[in-house]
Amino acid sequence: MDNLIVAPSTDPIKNVSEIIEYARSLQHCADFLHCDIMDGKFVENKTYTYKGLKEVNQRTTMPLDVHLMVESPSKCIKDYLLAGANILTIHFEAYKNKKLLVRDLKYIRKKKALAGLSIKPSTLVADILPYLCFVDVILVMSVEPGKSGQEFIEDIYKKIVELSKVKNDYKLDIKIEVDGGITPPISQKLKMFGADMVVSGSYVFNSDNKELAIDELR
Ligand code: DX5
Ligand code: ZN
C-alpha cells in the first residue's frame with residue numbers, strides 16, 4: 001500500500017505571513033499546503049483570498065491544494081488559478097446549476113491545474129457519480145466545513161470504501177482526499193479503505209515535532 005499524501009492545512013493560522021512561515025517550515029516534509037479559503041457566506045468564517053494565496057505561492061515552494069469554501073466559486077476560480085493553485089477544489093453543494101459545475105471543472109483542467117470536487121458529510125457518493133469523469137481529486141469532508149479542531153465523523157469510512165470501489169470498477173484516475181479531524185490512527189484506517197491523501201489542521205499544527213506528525217499520518 002502506498003504512503004498517503006499529506007497536506008497540512010492553513011486553517012489554524014490567521015494571517016498570511018504566519019502561513020508563509022508555517023509553509024516554509026514544512027516544505028521539506030509535507031506534499032501540499034492545504035489552503036482553506038472561506039468567504040463568510042458558504043461557511044461562517046472568513047479567511048484570506050487569492051491575494052494572500054499569491055503571496056504564499058511567491059514565497060514558498062510548497063504545491064498548493066486550494067479548498068474553496070465559498071458561495072460563488074464561478075466568480076473567483078480564475079483568480080485562484082492565476083494566484084498559483086495546483087489543485088483547485090470547489091464544493092458540489094455550492095452549485096445549483098450542475099452545468100456550471102461541469103464548466104468550472106473543465107476550466108480548471110484547461111488551465112493545467114487539478115480539478116477537485118468536495119462533498120460535505122451529508123452529500124452522497126451517488127450524487128456525484130455523473131461528475132467524476134471531470135474530476136482529478138475528490139475531497140471528502142469528514143467534518144462540517146468551516147473550522148479546524150472538530151471530531152472526525154466515523155460514518156465517513158463507509159463513503160471512502162464506496163468511492164474506492166467506484167474508482168476501481170470504472171478505472172477512474174482520481175485521488176481520494178479526506179479532510180477533517182484526522183489523527184494517525186484514523187489516517188491508517190483511511191489508507192486501508194482506499195484514501196490517497198489526507199489533510200491535517202490541528203493534529204500537525206499542535207504537534208511539537210511537525211515532521212514526525214506528518215510521518216505518522218502517512
Ligand atoms: C475545515 C477545513 C479543514 C480543516 C481541518 O473546514 O476544510 O481543512 O483545516 O482541520 P482539522 O484537521 O483540525 O479538522
Ligand atoms: Zn479544507
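First listed ligand is number 1; within each ligand, the first listed atom is number 1.
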Asks: Return the closest protein heavy atom for atom 12 (O) of ligand 1 as residue, atom name and distance.
Replies: G201 N, 2.8 Å
Asks: Would you mind checking which non-hydrogen protein atom is closest to atom 14 (O) of ligand 1, with the distance to 0.1 Å?
Replies: G181 N, 2.7 Å
Asks: Decide whether an N or O pair under 3.5 Å exists between H67 and ligand 1.
Replies: yes
Asks: For atom CG of D2, is the number of surrounding heavy atoms from other residues, nucleotides or ligands below 6.0 Å larger than 12?
Replies: no
Asks: List the closest protein heavy-atom neighbour of atom 1 (C) of ligand 1: residue, atom name, distance to the nearest 0.1 Å.
Replies: K147 O, 3.7 Å
Asks: Could you identify the single nearest non-hydrogen protein atom to atom 6 (O) of ligand 1 and state the distance to 0.1 Å?
Replies: G146 N, 2.6 Å
Asks: Check D179 and report its N/O/S atom nearest to the Zn ion (ligand 2), by atom name.
Replies: OD2
Asks: Could an N or O of ligand 1 be found under 3.5 Å from any N or O of I182, whether backbone or side chain?
Replies: no
Asks: So does E55 pair up with R59, basic N to acidic O under 4.0 Å?
Replies: yes
Asks: Distance to the ring centre below 6.0 angstrom and angle to the axis at most 45 degrees; does that hold for K75 and Y50?
Replies: no
Asks: State whether F92 and K98 meet the cation-pi test: NZ (Lys) or CZ (Arg) under 6.0 Å from the six-membered ring centroid, and within 45° of the perpendicular axis.
Replies: yes
Asks: Counting heavy atoms not belonging to K96, are there more than 12 under 6.0 Å from its NZ?
Replies: no
Asks: How close does the nearest protein non-hydrogen atom get to atom 9 (O) of ligand 1, and which residue and atom is it?
Replies: S9 OG, 2.7 Å
Asks: By atom name, which N, O or S atom belonging to H67 lies closest to the Zn ion (ligand 2)?
Replies: ND1
Asks: Could you go step by step and tell me if E216 and Y203 meet the side chain to side chain donor-acceptor pair (under 3.5 Å) rule?
Replies: CA-CA 10 Å; E216 288 169 339; Y203 185 74; 2.5 Å; yes
Asks: Has D11 got an N/O/S atom less than 2.8 Å from the Zn ion (ligand 2)?
Replies: no
Asks: Can any side-chain N or O of N57 pair as donor or acceptor with the backbone N or O of A83 at less than 3.5 Å?
Replies: yes
Asks: Aromatic ring centroids of Y131 and Y95 under 6.0 Å?
Replies: no
Asks: Could you check atom 10 (O) of ligand 1 against the protein and tell me its nearest heavy-atom contact, residue, atom and distance included?
Replies: S148 CB, 3.0 Å
Asks: If you have a sec, work out which protein heavy atom is nearest atom 13 (O) of ligand 1 and how many Å separate them, to one decimal?
Replies: S202 OG, 2.3 Å
Asks: When you measure from atom 5 (C) of ligand 1 to each heavy atom in T183, L139, D179, D11, which option holds the nearest one?
Replies: D179
